[in-house]
Every structure is written in structure tokens, then in C-alpha cells.
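As the structure is a prediction and not an experimental result, all values here were calculated from the model.
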Amino acid sequence: MKKIAQNTLLVVLTLLATACANTASKPVTAPAPPQAKCDCATGAPVQVPAGSKPAEVTAEQQKQMAKLPDYSLLQTADWNDIDGLQADNLSLAWPAWMQSCSTLVNKPMWKNACSAAQKLNADTASKPQTQVVLSYFQEYFSVYKASNLDGSEQGLITGYYEPMLKGSRTKSAKYPNPLYGTPDDLITVELDSLFPELKYKRVRGRLVGNKLVPYYNRAEIETDTSPVKGREFVYIDDIIDVFFLQIQGSGLVQLDTGEQIHVGYADQNGHTYNSIGRLLIERGELTLAQASMQGIKNWARNNLDKLRDLLNQNPSYVFFRELPAGLPGPLGALGVPILAERSVAVDPKFVPLGAPVFLSTTEPNTSKPLKRLMMAQDTGGAIKGGVRADFFWGAGASAGAKAGAMKQTGKIWVFLPKGFVIKAQ
């Protein structure tokens, strides 16, 4: 990924004045390494009783949170405070924790705990029992309760998944819609290299002469003379599926040859995500109750003459890459495969990437308890705040149905290695 040196500050400010400085994982994330979550909002509106569910944080709240020290909304807690810890089968979360440790072991504050985990994993043939897992975490970790800016302890829990698409290596009438790899002229500026207070912020654009200008938007990219032509690596049968793949950030493609490949987030064009579900509601095309992911897909198939214009109202565009074969799941922002129903996307400003988190919420659109040890292995542009998580349901239609319906209230506890330093507010 290309970066601009500090002596190009004037160029960066030009782009800041004209383009969105949205941020990922994920992913996208730090979004490179590749991530399952992108700079997009996740999911689509679902029917919920008015006032019964927490809302996304506002732009003003995001500004306030940006000024806080990292992880400063975590409050010291006790193991006995965790709602549902004793009831979970913690051994099912262990493989996800070992994925986290594969990279966290290289970080000083995590090294001791992860080295102990790797030894325990070897001693138990990768299958430690629940009580052994609990004893391990209690020995090497302290527990914190996540809170919001206003001190409240409940937040919004949504879901995401890995869609299944049909595709081909060759363009044809049946497979006309390309997935593009990252263009050579896309430039990414990590703003914290220039302004430390802008950690997790980045801008993207392209050079025109000696100026950095906004990158091409969706309408410009999705033309017969696309400016990113030549970066295609696979073609998909359904443009609607391509659009929702960009929202989810990763997916499986069943090729016409019988081969199945993973595709994952590679980068994004830097434009702000604009929800087409919200637009359809504002235009009176759908009600809130109808504006689920499936409802939007149904509208699209019944209004093909309006579809292109609608999609172009969202200027954000995601680029993909083919992931290595044999992965147990898509790659998250941490750079490791994420596992179904044991990985969540979080706001990395308030929850360290890779950390074990215990989630107490409910199943999608029900009051049935969902209380599990998860791993914070991903991020997403819509995942903002101290008590905010996106639950990864896995791949396929069943996972998609759960992800699209999930908009629950929940609480989060975070496990951090003993001695982990959290700066005071």
C-alpha cells in the first residue's frame, strides 16, 4: 500500500478539504492487513420497536470520542461480574483465541499470556476443557467492563457474514460483473504519521500532477471504460450480490469450474458510505420493516431499471483480493482468519484488536440469551463506540439471515493481560 512522505503535507491537506477521511478495519483496521470488514456500514435496517434498541453513535459523539485516550472507556471489573461466563462452553472459543495469539505473541504486553496459551494448547492437544480455559484466563488476565461515552454499559450489537456468490475467471453474458483488485494509482495516507491525534484515520486519493485528489467514485468505476480496467480477477453473475459483498467485506465465490475461492477486502476508494436502505426508506420505496438486506434485494430485482441509479448514490467502492486457499475463515483486521460465532468486529480505539471479549446479548430479533466468549479480531467503518460489536455469523444464506436481522442490545467485558497499561482520561 502506497504512502505519502511527511514533506507532502500540502498535498494531504488538499485531499482533506475535498474528500472523506473515513476509516476502516474490518476492515478493514487497520485495514491493511486485509480484513473481512471494510469502510462500509454493516448490514441493513431491520424492524425494531421504536426506542427499544440503542442507536449508532452520532457524528458529534464520534468527535468527542476521538479526543479520548485509547481504551479509556474500559472500567475495572471482577470475574464474578460477567453475565453468563460460567454457562459458556469456553473450549469452543479456544481456537479463535489461538488465532489471536498467532500475532499478539509478538507484542510485549501480550507475549507472556500468549506464550502460556501456546504451551497449554500443546499440552492439551489443542483441546483444553472449559474449566482449564477459564483458569488460564483468570491467571493471566484482568477483566474490564466496556462503557459508552455517557457512562452507560449497554450498546448496539449487530451481525455480519460471509456471502456466497457465483462467478467465473472469464467475463461472459452470464458473469458480467467484475471484482477489482486494488488499483495501482490508489494512494493511502495514514494520518497518524502526520498528526498523532488522528490515529486510525486515513485518506485515499490519486495523484493528478503534484496534487492528491479524491479517487474515482462508484459511478465512475462501474462503466464500460472504467478507470480501473485491467484489475479484474473474477466475474460475478449478480450485480446485487457484488454490492452486498462490498458491504460485508469478504465472501466465498463458487466458480463455474467447481472451484471455490475466498475473496477479501483489499482497499476502498475513500468515499463515504451512503446506505441505500436508508435512501429507499426516505424515497418511500420501502418501509423500515421492509428494509432488511433481503428486502432491499427483493426491491432491486423488481426495479432493475432503477437499480444502477440507486447503487450510484453510494459513492463508496471496495476493492478485493483472492485469499489463500484453505483458510478456516475470512481474514479480519487483525490479519488472522476469523471463526464463525466466535469473532466480533469492534472499535479498535476502545477495545484492543485480538483481545478476548465476553458478549452478553440476545439472538437476532428475539429475547433468547446469547452469551459467549468472543475474540475482537475485526473492525468496520460503522462500528464506533465503547459498547459496540458486530457478530460474525459465518458463511452462506443461513448466516446471512441471522446477520441481517441482528440489531440487539448487549454488554461487553474485555480481557486484558495483567499489567496492560490503560491511560487515564
Side-chain angles (χ1 to χ4, degrees), residues 1 24-38 40 42 91-106 114 117-118 121 126-127 159-169 179-182 233-234 236 241-242 244-268 318-346 348 353-356 373-380 390-400 402-403:
M1 189 176 290
S25 151
K26 285 196 172 21
V28 257
T29 84
Q35 56 192 28
K37 297 296 294 171
C38 62
C40 315
T42 307
S91 62
L92 297 180
W94 187 255
W97 172 235
M98 293 310 300
Q99 292 286 1
S100 282
C101 267
S102 67
T103 183
L104 291 181
V105 71
N106 299 313
C114 280
Q118 291 172 339
N121 195 57
S126 304
K127 294 181 179 179
Y160 71 111
Y161 79 113
E162 190 177 26
M164 297 277 291
L165 302 90
K166 296 180 180 179
S168 174
R169 300 281 189 186
L179 296 186
Y180 291 109
T182 304
F233 67 94
V234 70
I236 306 300
D241 286 344
V242 172
F244 278 93
L245 175 68
Q246 294 194 2
I247 292 177
Q248 299 302 320
S250 68
L252 291 168
V253 179
Q254 183 70 48
L255 297 178
D256 54 353
T257 60
E259 180 187 6
Q260 190 176 91
I261 62 172
H262 274 283
V263 296
Y265 175 97
D267 215 322
Q268 190 256 4
V318 173
F319 303 106
F320 291 93
R321 71 185 187 107
E322 184 174 341
L323 300 178
L327 292 176
L331 293 180
L334 188 64
V336 302
I338 61 175
L339 304 183
E341 301 188 36
R342 289 294 173 174
S343 296
V344 289
V346 297
L353 269 180
L373 179 60
M374 312 288 290
M375 301 302 149
Q377 296 171 327
D378 211 354
T379 65
D390 212 19
F391 189 103
F392 179 61
W393 282 102
S398 176
K402 291 179 180 179

Colleague: Let me have the donor-acceptor pairs involving side chains of residues 322-340, under 3.5 Å, with sequence neighbours excluded, atom names and distances please.
Modeller:
unit_1, atom_1, unit_2, atom_2, d
E322, OE1, R169, NH1, 2.7
E322, OE1, R169, NH2, 3.4
E322, OE2, R169, NH2, 3.1

Colleague: Using the benzene-type ring in the case of Trp, are the ring centres of Y180 and F320 under 6.0 Å apart?
Modeller: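 Between Y180 and F320, the centre distance exceeds or equals 6.0 Å.
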Colleague: Taking all atoms of both residues into account, what is the closest heavy-atom pair of C114 and L104, and its distance?
Modeller: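 Scanning both residues, the minimum pair turns out to be SG-CB, 3.8 Å.
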Colleague: Just one of V253, L252, L255 clears the side-chain contact (heavy atoms from CB on, under 4.5 Å) bar with Q260, so which one?
Modeller: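 Among the candidates, only L252 passes.
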Colleague: With a 4.5 Å heavy-atom cut-off, do V318 and L245 have their side chains touching?
Modeller: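 Sidechains of L245 and V318: no contact.
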Colleague: Can you find a heavy atom in the side chain of D241 that is under 4.5 Å from one in the side chain of P163?
Modeller: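 Contact flag for D241/P163 side chains = no.
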Colleague: Which heavy-atom pair separates S168 from D256 by the least distance, and what is that distance?
Modeller: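 Heavy atoms of S168 and D256 come nearest at OG-OD2, 3.0 Å.
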Colleague: Is any side-chain heavy atom of S100 closer than 4.5 Å to a side-chain heavy atom of Q377?
Modeller: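 In contact.
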Colleague: Would you say the side chain of F392 lies within less than 4.5 Å of the side chain of M374, judging by non-hydrogen atoms?
Modeller: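 M374 vs F392: side chains apart.
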Colleague: Give, for atom OG of S343 and atom CG of D390, the distance between the pair rounded to the nearest 0.5 Å.
Modeller: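 Here the rounded value is 11.5 Å.
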Colleague: Considering non-hydrogen atoms only, spot the tightest contact between A345 and Y160 and give its length.
Modeller: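 For A345 versus Y160, the nearest heavy atoms are CB-CE2, 4.1 Å.
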Colleague: Determine the minimum heavy-atom distance between L92 and P95, stating which atoms define it.
Modeller: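 Smallest heavy-atom distance, with atoms named: O-CD, 3.6 Å.
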Colleague: What distance separates S398 OG from Y161 OH, expressed to the nearest 0.5 Å?
Modeller: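 That separation rounds to 11.0 Å.
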Colleague: List the residues meeting side chain to side chain contact (heavy atoms under 4.5 Å, CB included) with T182, not counting sequence neighbours, and say none if there are none.
Modeller: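 T182: side chain to side chain contact (heavy atoms under 4.5 Å, CB included) contacts with L186, A266, D267, F319.
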Colleague: Kindly state each residue pair satisfying salt bridge (Lys or Arg N to Asp or Glu O under 4.0 Å) with at least one member in residues 328-344, sequence neighbours excluded.
Modeller: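 Listed by first then second residue: D88-R342, E341-R372.
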Colleague: Given L179 and L165, is the side chain to side chain contact (heavy atoms under 4.5 Å, CB included) satisfied, shown in steps?
Modeller: CA-CA 11 Å; L179 296 186; L165 302 90; 5.8 Å; no
Colleague: Would you compute the distance between atom CH2 of W97 and atom OG of S102 and round it to the nearest 0.5 angstrom?
Modeller: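 Here the rounded value is 10.0 Å.
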Colleague: Can you name the closest pair of heavy atoms from L353 and P348 and give their distance?
Modeller: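 Heavy atoms only, the tightest pair is CG-CB, 4.3 Å.
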Colleague: Would you compute the distance between atom CE of M98 and atom OG of S126 and round it to the nearest 0.5 angstrom?
Modeller: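 Spacing of CE (M98) from OG (S126) equals 7.0 Å.
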